[in-house]
There are 2 protein chains.
Amino acid sequence: MATMHDVARLAQVSVSTVSYVLTGTRPISQATRDKVLAAMAELDYQPNAMARGLASRRSRILGLLMPMDERGLGATETAFVTGAAAAASSAGYHLVLSPVGGGDLDDLRRLASQRMLDGVVLMEVQLADERVTVLQETGVPLVLIGRTADTSTLSYVDIDFDQTVREAVAHLVGLGHRRIVYVNHSAATLASGYGPALRTRDAFVAAMTGHGLDPVMIAAEDSAAGGRAALAAAFARAPELTAVLAMNETAIFGILGELTGRGLSVPGDVSVVSMVTSPQVAELATPALTAMTSPGSALGRIAIEALVRHLDGPAVERHLDGPAVERHQQLLPCALEVRGSTAPPRSRRPVGADQ
Amino acid sequence: MATMHDVARLAQVSVSTVSYVLTGTRPISQATRDKVLAAMAELDYQPNAMARGLASRRSRILGLLMPMDERGLGATETAFVTGAAAAASSAGYHLVLSPVGGGDLDDLRRLASQRMLDGVVLMEVQLADERVTVLQETGVPLVLIGRTADTSTLSYVDIDFDQTVREAVAHLVGLGHRRIVYVNHSAATLASGYGPALRTRDAFVAAMTGHGLDPVMIAAEDSAAGGRAALAAAFARAPELTAVLAMNETAIFGILGELTGRGLSVPGDVSVVSMVTSPQVAELATPALTAMTSPGSALGRIAIEALVRHLDGPAVERHLDGPAVERHQQLLPCALEVRGSTAPPRSRRPVGADQ
DNA sequence: TTGAAAGCGCTAACAC
DNA sequence: GTGTTAGCGCTTTCAA
């Protein structure tokens, strides 16, 4: 493995010159640059990332910390990751994903304190999230996907759940639905402080109330069985329901199965809208689901861009906690994609503009 | 950020002593160790990973290279990742996932050449995979998940597709099915040299032939629509089919939908077995799918263990390509998990032991 | 426009 | 059982 010294010797220049053509930190004459480049090519030189990192105190590596305790990454998360990776790469950074489980807080602290990561994006943030605290203590530049309860000192990008729910409800109401049931994640998930579940719940109540309708919410376990149970509960609570809005990507298959099992057709008897769902999953169902499509890759891109802006920005007071530190806080709504699972309810026509 | 020097000064010992209590590379008296540990705690010392890596020429980081071009990680891949992460962690390594797209071969080469990764696990290997070549050229220790066509010089862990298909077919045949259609990935995927698709195809032909049955294979696009089309094609090719064996986790939802659409019940009229599927996905369907469950986390664990054994093993001739380099080559079968989607065909009873 | 040299924070001989 | 010290391969002053 050739080193910079080898390159310098072959090109008949000093090591610093080689370093400067690599970093572009100071002007180099074309002739010298060519010599150096030729030498590099000849030796198949690759800079040693460790040495570079040690000397420059920057690894040029960004970490994407994602919990993997659950049922895997959906297409949504995947889009997120690829968006982030692309943004990192075009900013000259590597992106590595670190599968941090919930338990290993120490592991997380170590990872962040070892100066191996220039910055970190944390996914699946809870309203009260110890990981955020740990990360803040270590001083690594940090951007969240999702939000903690108190966001005053943090940078984050998140889905605009309020807007998303409002649009979904408006779609159904526009079709003429009045009895709409919201199927959320499980009670346990809600209790654990999972932001999306909590925020969509509140947004649903607000949206329905705004339309003068009664908000009915059911919690469902993340499984097909949970979805079936939730649908049964929904009919118990609101026998005349004509539409289901589901936040739970897993339960929704159970909901559809149970609907079919009860001899009810989608969207003839009951309309179904899936929230924060990828097109891939929406297309899996029969009929394909009308869904609110998450802005996955944009979220990833924006998070990384915010992080990079911070890192590559003026080196001033990067470690001062003064109010001068710029935070990036942004919400992106999901987009309504109408497919085959929504239609006007059987018993009534779409409401008119003046109604 | 405290350095080793600070710790040494506070503990009144030399830096090397601090280093040795950290690495455990030579005996240290209990008294000294305690002093050092106390100093570390007091200063909240964290070793600098870059410096350590530069000096020791080992980053203690393992890379898991996974293509993310597609529809996301299923529960299978997730189990894989968590298995790998756990194994790495308990061997004292960090595991980072790198989302390498198909295109960036140069990016891959750079990543591997920069001495940032002590070893690499490559997922989703194709029969002819340029990435393997690139990686081998860089000289990083490498373990594959999946296999290239020529495995003579490589370490790998893979699913035993032969055995898995044989068991799946045996299950159906045991129930009395004779007309079994195999729904594979798309023709394009097959043409691209995707090992699992190719290997299961061959295994299916072998297994069916072994039972004296006619092997019918249909290629399906990876979508619900693809599944529906495949089922139509299957009925065209084999009108009297009573069972479907599906390799395509995405298409299977279309298959089920189309079956229902034709007024056919599962498993009453047609039995369905899903290959290389996670329990989570299998439970999504109604009825829950009988499936061959992939040994996800075991695969991940074994791959990492093989890599670590290589890295931590005798430092002898690690860069020699002599025949002394031990390769790890192992196949693991999927396990049959019977759920609600398989039953004896309507028209006949299970075959007896002597039949 | 270029070179010399002092580190970055650690590991691992080598010495005792 | 412990200390000294020469690097690891690079970046970045300082000096020309």
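Reminder, nothing fancy here: chain letters follow the sequence lines and each chain counts from 1. Just so it is clear, the structure is predicted and the values come from calculations on it, not from any experiment.
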According to the salt bridge (charged side-chain N to carboxylate O under 4.0 Å, His left out) rule, which pairs have a member within residues 27-38 of chain A, sequence neighbours left out? none
Quick one: side-chain hydrogen bond (donor to acceptor under 3.5 Å, both in side chains) pairs with a partner in residues 39-48 of chain A, sequence neighbours left out? none
Qualifying side-chain hydrogen bond (donor to acceptor under 3.5 Å, both in side chains) pairs, either residue in residues 84-93 of chain A, two or more places apart: A:Y93-A:D312
Name the pairs: protein N/O against N/O of nucleotides 6-10 of chain D, kept only if under 3.5 Å.
| from | atom 1 | to | atom 2 | distance (Å) |
| --- | --- | --- | --- | --- |
| D:dC8 | O2 | B:A55 | N | 3.3 |
| D:dG9 | N2 | A:A51 | O | 3.4 |
| D:dC10 | OP1 | A:Y45 | OH | 2.5 |
| D:dC10 | OP1 | A:N48 | N | 3.1 |
| D:dC10 | OP2 | A:M4 | N | 2.4 |

To the nearest 0.5 angstrom, please state how far the CG atom of B:D107 sits from the CG atom of B:L105. 9.5 Å
Hey, what do you get for CG (A:L307) to OG (A:S155), rounding to the nearest 0.5 Å? 8.5 Å
Could you give the CZ-to-P distance, from A:R33 to C:dT1, as a whole number of Å? 10 Å
Length of the CD-C1' vector between B:Q12 and D:dT4, whole Å: 18 Å
Per the end-axis method with five pairs at each terminus, what is the bend angle of the helix from C:dT1-D:dA16 to C:dC16-D:dG1, to 10°? 30°
Under-3.5 Å N/O pairs linking protein and nucleotides 13-16 of chain C:
| from | atom 1 | to | atom 2 | distance (Å) |
| --- | --- | --- | --- | --- |
| C:dA13 | N7 | B:Y20 | OH | 3.3 |
| C:dA13 | N6 | B:Y20 | OH | 3.2 |
| C:dC14 | N4 | B:R26 | NH1 | 3.3 |

Please set out all donor-acceptor pairs under 3.5 angstrom arising from side-chain atoms of residues 21-28 of chain B, sequence neighbours excluded.
| from | atom 1 | to | atom 2 | distance (Å) |
| --- | --- | --- | --- | --- |
| B:T23 | OG1 | B:S19 | O | 3.2 |
| B:T23 | OG1 | B:T25 | N | 3.4 |
| B:T23 | OG1 | B:T25 | OG1 | 2.5 |

Looking at residues at least two apart in the chain, or sitting in another chain, which of them share a salt bridge (Lys or Arg N to Asp or Glu O under 4.0 Å) with A:R57? none
Examine D:dG3: is either OP1 or OP2 under 4.0 Å from a nitrogen or oxygen in the side chain of B:T17? Give yes or no. yes
State whether B:T32 places a side-chain N or O below 4.0 Å from either non-bridging phosphate oxygen (OP1 or OP2) of D:dG1. no
Would you mind classifying the nucleic acid contact of A:V13 as base, sugar-phosphate or nothing, using non-hydrogen atoms under 4.0 angstrom? sugar-phosphate
Table please: side-chain donor-acceptor pairs of residues 2-12 of chain A below 3.5 Å, with sequence neighbours left out.
| from | atom 1 | to | atom 2 | distance (Å) |
| --- | --- | --- | --- | --- |
| A:T3 | OG1 | A:H5 | N | 3.1 |
| A:D6 | OD2 | A:T3 | N | 2.8 |

Compile the donor-acceptor pairs under 3.5 Å between side chains in residues 142-151 of chain B and protein atoms, sequence neighbours left out, one pair per line.
| from | atom 1 | to | atom 2 | distance (Å) |
| --- | --- | --- | --- | --- |
| B:R147 | NE | B:D158 | OD2 | 2.8 |
| B:R147 | NH2 | B:D158 | OD2 | 3.2 |
| B:T148 | OG1 | B:D150 | O | 3.0 |
| B:D150 | OD1 | B:S152 | N | 3.0 |
| B:D150 | OD1 | B:S152 | OG | 2.7 |
| B:D150 | OD2 | B:S152 | OG | 3.3 |

B:Q30 or A:G53: which one's nearest nucleotide on DNA chain D is closer to the 5' end? B:Q30
Taking for each residue the nucleotide of DNA chain C bearing the nearest heavy atom, is the 5' side occupied by B:V18 or by A:I28? A:I28
Qualifying residues under side-chain hydrogen bond (donor to acceptor under 3.5 Å, both in side chains), relative to A:Q330, sequence neighbours excluded: A:H328
Can you list everything that forms a side-chain hydrogen bond (donor to acceptor under 3.5 Å, both in side chains) with A:E137? Sequence neighbours excluded, please. none
